Amino acid sequence: MLTGYAGAHARITGLDDTDLTHAAQRFLTWLAEPHDRRWIIILDNLDGPDDLIGWRPPDIAGGHTVVTTRRRDSALLAGRRASSFNPDRQPGPLR
């Protein structure tokens with residue numbers, strides 16, 4: 001996650017910070033700042049809620065976060081909306 005956040009920060013700002021943690025923190029700060037850009041963060045195959053401690057993208061207008069996981073329990077929900085993938089209910093190309 002840190003590498004992805006740091007890379008996104010470099011692409012958005014043009015600044016290449018060699019400290020991944022610092023760059024990732026600056027990226028989350030940028031996401032939380034008021035600006036005219038909409039964004040979506042996709043966190044693919046998150047193992048558990050502890051992976052998000054300190055790294056959850058801000059919940060603001062114009063920003064969206066999608067989290068995928070193989071978990072079947074509700075540990076990642078924490079009051080958030082969720083849906084599950086069911087291949088039997090999907091259109092042909094997703095089967």
Side-chain angles (χ1 to χ4, degrees):
M1 189 172 345
L2 291 181
T3 303
Y5 284 1
H9 177 262
R11 284 188 298 280
I12 289 167
T13 65
L15 303 173
D16 192 18
D17 194 334
T18 58
D19 181 342
L20 289 181
T21 301
H22 185 250
Q25 290 168 338
R26 289 181 64 179
F27 176 63
L28 289 176
T29 300
W30 180 87
L31 291 176
E33 292 173 352
H35 46 71
D36 293 332
R37 293 187 179 183
R38 296 184 316 173
W39 53 263
I40 184 168
I41 303 294
I42 301 171
L43 302 172
D44 188 32
N45 199 23
L46 201 68
D47 290 326
D50 290 347
D51 295 343
L52 285 176
I53 293 174
W55 300 110
R56 183 183 298 272
D59 187 13
I60 63 168
H64 300 279
T65 303
V66 175
V67 177
T68 67
T69 184
R70 295 181 192 275
R71 292 181 72 130
R72 299 258 183 212
D73 61 331
S74 62
L76 292 172
L77 293 179
R80 290 172 162 55
R81 187 174 46 132
S83 61
S84 61
F85 176 76
N86 181 337
D88 296 331
R89 295 186 311 181
Q90 304 308 316
L94 295 177
R95 289 187 185 163

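Everything quoted here is computed from the prediction, not taken from an experiment.
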Colleague: Over all heavy atoms of both residues, which pair between Ala6 and Ala23 is shortest? Give the atoms and the distance, please.
Modeller: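 Taking every non-hydrogen atom into account, CB-CB, 3.7 Å.
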Colleague: Using a 4.5 Å cut-off on heavy atoms from C-beta on, say whether the side chain of Phe27 contacts that of Leu2.
Modeller: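 Contact flag for Leu2/Phe27 side chains = no.
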Colleague: Checking the side chain of His35 only, and the main-chain atoms of Trp30 only, is there a donor and an acceptor separated by less than 3.5 Å?
Modeller: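 Checked: pair present.
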Colleague: Over all heavy atoms of both residues, which pair between Ile60 and Leu31 is shortest? Give the atoms and the distance, please.
Modeller: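 Closest approach of Ile60 to Leu31: CD1-O, 3.0 Å.
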Colleague: Can you name the nearest heavy-atom pair linking Asp19 to Asp17, along with the distance?
Modeller: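 Minimum heavy-atom contact is N-OD1, 3.0 Å.
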Colleague: Could you check if a side-chain atom of Thr65 sits within less than 4.5 angstrom of a side-chain atom of Trp39, using non-hydrogen atoms only?
Modeller: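 SC-SC contact between Thr65 and Trp39 confirmed.
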Colleague: Applying side chain to side chain contact (heavy atoms under 4.5 Å, CB included) to Arg37 and Ile12, what does each step give before you reach the verdict?
Modeller: CA-CA 11 Å; Arg37 293 187 179 183; Ile12 289 167; 3.8 Å; yes
Colleague: Please lay out, stage by stage, how Met1 and Leu43 fare under the test side chain to side chain contact (heavy atoms under 4.5 Å, CB included).
Modeller: CA-CA 8 Å; Met1 189 172 345; Leu43 302 172; 4.1 Å; yes
Colleague: When rounded to the nearest 0.5 angstrom, what is the spacing between NE2 in His9 and CG in Asp16?
Modeller: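 It is 10.0 Å, given to the nearest 0.5 Å.
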Colleague: State the CD-CG distance between Gln25 and Leu20, to the nearest 0.5 angstrom.
Modeller: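 These two atoms lie 11.0 Å from each other.
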Colleague: So, Thr69 side chain and Leu46 main chain: donor-acceptor pair closer than 3.5 Å or not?
Modeller: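 Judged by distance alone, yes, a pair lies under 3.5 Å.
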Colleague: Checking side-chain polar atoms at under 3.5 Å, does Asp44 have a donor or acceptor matched by the opposite partner on Thr68?
Modeller: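 Judged by distance alone, the side chains do pair up.
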Colleague: If you take all heavy atoms of Gly54 and Leu28, which pair is closest and at what distance?
Modeller: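 Shortest heavy-atom contact: O-CD1, 3.8 Å.
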